[in-house]
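Here's the structure we're looking at; comments come further down.
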2 protein chains.
Amino acid sequence: MKRLPSPQHLLLDQQLCFALYAASRSVTGLYRPLLEPLGLTYPQYLAMLVLWEQDGLTVRELGQRLQLDSGTLTPLLKRLQAAGLVTRQRRLEDEREVEIRLTDAGLSLREQASAVPACMAQRLQLSIDQMQSLRDELKRLTRQLQLSPSEDSP
Amino acid sequence: MKRLPSPQHLLLDQQLCFALYAASRSVTGLYRPLLEPLGLTYPQYLAMLVLWEQDGLTVRELGQRLQLDSGTLTPLLKRLQAAGLVTRQRRLEDEREVEIRLTDAGLSLREQASAVPACMAQRLQLSIDQMQSLRDELKRLTRQLQLSPSEDSP
DNA sequence: CAAAATTAAATTGTGTACAATTCAATTTTC
DNA sequence: GAAAATTGAATTGTACACAATTTAATTTTG
């Protein structure tokens, strides 16, 4: 087994990106068993969180909130519709827009989902402060990246 | 547009998981234009980082390092093979195992990839210290989750 | 040593992600 | 006010993720 000397800065364990990628997938994996009884995948759960906050958003508005485009959201929302949790219908004011509304089942699912965050917090083994500071650091990072996507002049 | 009062702990912006998920996708998106000239996707780049560190790993070993299973790696590695960057062949000692080896092209791609981390670091707008501490915090989180996947007794 | 158990990849099926294109509906501009 | 530009979803195509199953090879056991 030949070992090739790879420079420090190319080592996997040095990469912030991999730490992020691995942590994100690990956390998602931890949600899976909690969400399965609700019949939701993790991205579907995020979409429901948004709708529970504000019902009747359009696909575009939902996409802005979750930072996902219609290519991802359209099939996801169709699955939520097939599961009887939301309805999708064109806006009368502007027929290009599709409005997503919770059904009664979709709204009442919030009760069951309500136990999820505390359950996760416990598994994460972080204090409230630790969770908040990590979360805020990540949000700052995300915001930073979206402000300077390539640093090019127009 | 009806607003439903959703409890604090169910608000999207409160979720550490969403901050992680969004940050991870943002960072991946920032890599895309840097990796495109190399002909690599982001997960392919991670696999190449591992192989540049240690050539001749099996699919299983690569999977342990990246925390990905054969369902993800097999097609990814076939694409790297199709791109002429790696070879895949059964081990003689144990024919169940498939050994992944860099081709000359795969090895020499490291020179071009060498510029990527510095370029990313600049875009992330974080000091070396900030990057390291965030990375280590995420690694600790990931390790924590993998140690206690469900807190059940055997 | 042969049957049973285990292991490593591959395969299958579902569900994201995201670029690129298409299509229809609305705005803008001339 | 009609042609051109823009916008919002949907669609298409590629590439992950990951659960579950299958297949083949190796170990373990009786």
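Note that the structure is a prediction, hence the values are computed from the model and not measured. We name chains A, B, ... by the order of the sequence lines, and we start the count at 1 in each one.
Within the nucleic acid shown, Leu73(A) has no heavy atom closer than 4.0 Å to any nucleic acid atom. Residue-level contact check: Thr72(A) touches the bases, meaning some heavy atom is under 4.0 Å from a base atom. At a threshold of 4.0 angstrom between heavy atoms, the contacts of Gln64(A) with the nucleic acid are absent. Base engagement by Arg79(A) is indicated by at least one non-hydrogen atom pair under 4.0 Å involving a base atom. The residue Thr58(A) sits close only to the backbone: its heavy atoms come under 4.0 Å of sugar-phosphate atoms, none of a base.
Atom-to-atom, CG of Asp94(A) to P of dA9(D) comes out at 8 Å; the value is rounded to the nearest Å. The interatomic distance linking Glu99(A) (CD) with dG8(D) (P) rounds to 15 Å, in whole Å. If you measure from atom CZ of Arg65(A) to atom P of dG8(D), you get 18 Å, rounded to the nearest angstrom. dC16(D) atom C1' lies 17 Å from atom OH of Tyr42(A), rounded to whole Å. Here the C1' atom of nucleotide dC18(D) and the CG atom of Leu35(A) are 15 Å apart, to the nearest Å. Remark: P of dT26(D) and CZ of Arg60(B) are 14 Å apart, rounded to the nearest angstrom.
In this view, Tyr31(A) and Tyr42(A), Tyr45(A) satisfy the ring pair (Phe, Tyr, Trp, His ring centres under 6.0 Å) rule, not counting sequence neighbours. Contacts of Asp94(A) classified as salt bridge (Lys or Arg N to Asp or Glu O under 4.0 Å), with partners at least two apart in sequence or in another chain: Arg96(A).
If you find the closest nucleotide of DNA chain D to Asp69(B) and to Asp69(A), the one lying nearer the 5' end belongs to Asp69(A). Two residues, Ser70(A) and Arg96(A), neighbour DNA chain C, and the one matched to the more 5' nucleotide by heavy-atom proximity is Ser70(A). Sequence order on DNA chain C of the closest nucleotides to Leu68(A) and Leu92(A) puts Leu68(A) first from the 5' end.
At a cut-off of 3.5 angstrom, the base of dA9(D) holds no donor-acceptor pair with the side chain of Thr74(A).
OP1 or OP2 of dC16(D) has not a single side-chain nitrogen or oxygen of Lys78(B) nearer than 4.0 Å.
When DNA chain C is scanned 5' to 3' for any atom under 4.0 Å from a heavy atom of chain A, the first and last hits are dG15(C) to dT26(C).
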